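See below for the structure under consideration.
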Amino acid sequence: MPKASEIKRNAAIDINGEAYIVRDIERSVPQGRAGGSLYRMRMYNVATNAKIDETFKDSDMLTLADLTRRAVTFSYSDGDEYVFMDSEDYSSYSMNKENIEDELMFITDDLQGLHVVIVNDAPVALDLPGVVELEITETDPSIKGGSATARTKPATLSTGLVIQVPEHISTGDRIKVNVEERKFTGRA
């Protein structure tokens, strides 16, 4: 049983016998209080897709729901449905765009290390690798000697995501992006 401080996005938690997927976590440190941080988690019920917000102390023990992770690759999109193919038995998992909107900013046709999270035989979330490689489609021209400064500029990536990159990076470069923080980590 992990503590609330150890829970990450897309984890499945069991609350009163119901499975919930954690979609967002906000950490706050109350002023003037003895004790630790508070974790406010936005969760969705796996069966009904109902949204709840719960706040836990960092030392609260949570029960993980029974889930399965299957390695998949992105297959195709059909309107608002995105289809992923299992890498082992070639079965397909269909997911609604609304449920995976944040993850879509990092998904390309050749993405490796992608997993679908399955709870009660239903695909409920995507689990991305920690770092993904994306191509820059648009940014300001690179500046010679820009690597010597810590200044950054916005860059639009092939998936539509906009992040800050160092000045020496130019259009067409492949870069590594930290998925959790949405930050540039280096050239690919």
Side-chain angles (χ1 to χ4, degrees), residues 2-13 20-29 37-44 49 51 53-56 58 67 69-77 80-84 93 95-117 123-143 146-188:
K3 294 179 180 179
S5 60
E6 298 168 352
I7 299 293
K8 304 275 188 235
R9 286 184 65 217
N10 291 335
I13 297 175
Y20 289 89
I21 292 291
V22 177
R23 290 282 184 218
D24 196 28
I25 301 173
E26 291 178 19
R27 179 177 175 260
S28 62
V29 182
S37 304
L38 295 176
Y39 292 86
R40 181 179 174 88
M41 298 183 190
R42 175 160 288 162
M43 298 177 278
Y44 288 85
N49 209 25
K51 177 179 77 170
D53 288 337
E54 290 284 330
T55 303
F56 301 100
D58 60 356
L67 61 88
R69 290 184 196 281
R70 301 286 298 183
V72 294
T73 55
F74 174 63
S75 193
Y76 64 92
S77 64
D80 282 351
E81 292 293 312
Y82 285 77
V83 179
F84 299 88
Y93 301 102
M95 301 189 75
N96 193 310
K97 179 181 181 177
E98 187 177 292
N99 295 342
I100 58 171
E101 214 157 1
D102 288 344
E103 290 84 357
L104 288 177
M105 289 296 178
F106 300 99
I107 295 176
T108 58
D109 293 338
D110 59 347
L111 179 63
Q112 300 295 314
L114 185 62
H115 291 82
V116 68
V117 178
V124 294
L126 285 176
D127 196 15
L128 297 169
V131 176
V132 297
E133 290 184 12
L134 296 171
E135 185 174 332
I136 295 177
T137 56
E138 184 183 332
T139 188
D140 294 335
S142 63
I143 298 172
S147 60
T149 67
R151 290 192 306 235
T152 60
K153 61 184 179 181
T156 305
L157 305 177
S158 56
T159 59
L161 179 68
V162 177
I163 64 167
Q164 293 292 317
V165 298
E167 288 183 326
H168 66 278
I169 302 295
S170 59
T171 301
D173 287 354
R174 285 188 65 81
I175 61 169
K176 294 180 182 177
V177 179
N178 181 313
V179 172
E180 187 87 15
E181 299 173 358
R182 294 180 178 222
K183 290 187 177 173
F184 170 84
T185 59
R187 277 198 165 124

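Everything numeric here is computed off the predicted structure, so don't read it as measured data. As a basis for the values below, the full set of heavy atoms in this structure was taken, side chains included, without hydrogen atoms, waters or symmetry mates.
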Is there side-chain contact between [X] and [Y], with at least one heavy-atom pair below 4.5 Å?
X      : Y      : value
His115 : Leu126 : no
Asp102 : Asp24  : no
Met105 : Val132 : no
Ile21  : Met43  : no
Asn99  : Asn49  : yes
Thr139 : Ile169 : no
Ile107 : Leu128 : yes
Asp80  : Glu98  : no

When rounded to the nearest 0.5 angstrom, what is the spacing between [atom1] in [X] and [atom2] in [Y]?
X      : Y      : atom1 : atom2 : answer
Glu81  : Tyr76  : CD    : OH    : 9.5 Å
Asp58  : Leu38  : CG    : CG    : 8.0 Å
Asp127 : Glu103 : CG    : CD    : 8.5 Å
Arg174 : Glu133 : CZ    : CD    : 5.5 Å

Are Asp53 and Arg40 ion-paired here, with the side-chain N under 4.0 Å from a carboxylate O?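 Here Asp53 pairs with Arg40 in a salt bridge, since their nearest N and O are under 4.0 Å apart.
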
side-chain contact (heavy atoms from CB on, under 4.5 Å) between Phe106 and Leu161, intermediate numbers included: CA-CA 8 Å; Phe106 300 99; Leu161 179 68; 3.5 Å; yes

Donor-acceptor pair, [X] side chain versus [Y] backbone, under 3.5 Å?
X      : Y      : result
Lys8   : Ile25  : no
Lys176 : Gly186 : no
Arg27  : Tyr39  : no
Thr156 : Ile136 : no

Go through it in stages, so that I can follow the logic: the residues are Glu54 and Tyr20, the test is side-chain contact (heavy atoms from CB on, under 4.5 Å), and I'd like the CA-CA distance, side-chain angles, deciding distance and then a yes or no. CA-CA 11 Å; Glu54 290 284 330; Tyr20 289 89; over 6 Å; no

Mind listing the closest non-hydrogen atom pair of [X] and [Y] along with its distance?
X      : Y      : result
Val124 : Met95  : C-CE, 3.6 Å
Leu157 : Thr137 : O-OG1, 3.6 Å
Pro154 : Val162 : CB-CG1, 4.2 Å
Leu114 : Phe74  : CD2-N, 4.3 Å
Ser158 : Thr108 : OG-CG2, 4.4 Å
Arg9   : Arg23  : NE-O, 2.8 Å

Can you confirm whether more than 12 heavy atoms, excluding those of Glu138, are under 6.0 Å from its CD atom?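 Open.
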
Ala11: what forms a side-chain contact (heavy atoms from CB on, under 4.5 Å) with it, not counting sequence neighbours?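 By the side-chain contact (heavy atoms from CB on, under 4.5 Å) rule, Ala11 matches Ile7.
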
Please lay out, stage by stage, how Phe56 and Lys3 fare under the test side-chain contact (heavy atoms from CB on, under 4.5 Å). CA-CA 9 Å; Phe56 301 100; Lys3 294 179 180 179; over 6 Å; no

Residues in side chain to side chain donor-acceptor pair (under 3.5 Å) contact with Tyr82, at least two apart in sequence or another chain: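 Tyr82: no side chain to side chain donor-acceptor pair (under 3.5 Å) contacts found.
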
Going through the checks in order, is the side-chain contact (heavy atoms from CB on, under 4.5 Å) test met by Ile163 and Ile175? CA-CA 11 Å; Ile163 64 167; Ile175 61 169; 3.8 Å; yes

Only one of Arg187, His168, Glu135 forms a side-chain contact (heavy atoms from CB on, under 4.5 Å) with Asp173, so which one is it?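 Testing Asp173 for a side-chain contact (heavy atoms from CB on, under 4.5 Å) against Arg187, His168, Glu135 leaves exactly one candidate, Arg187.
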
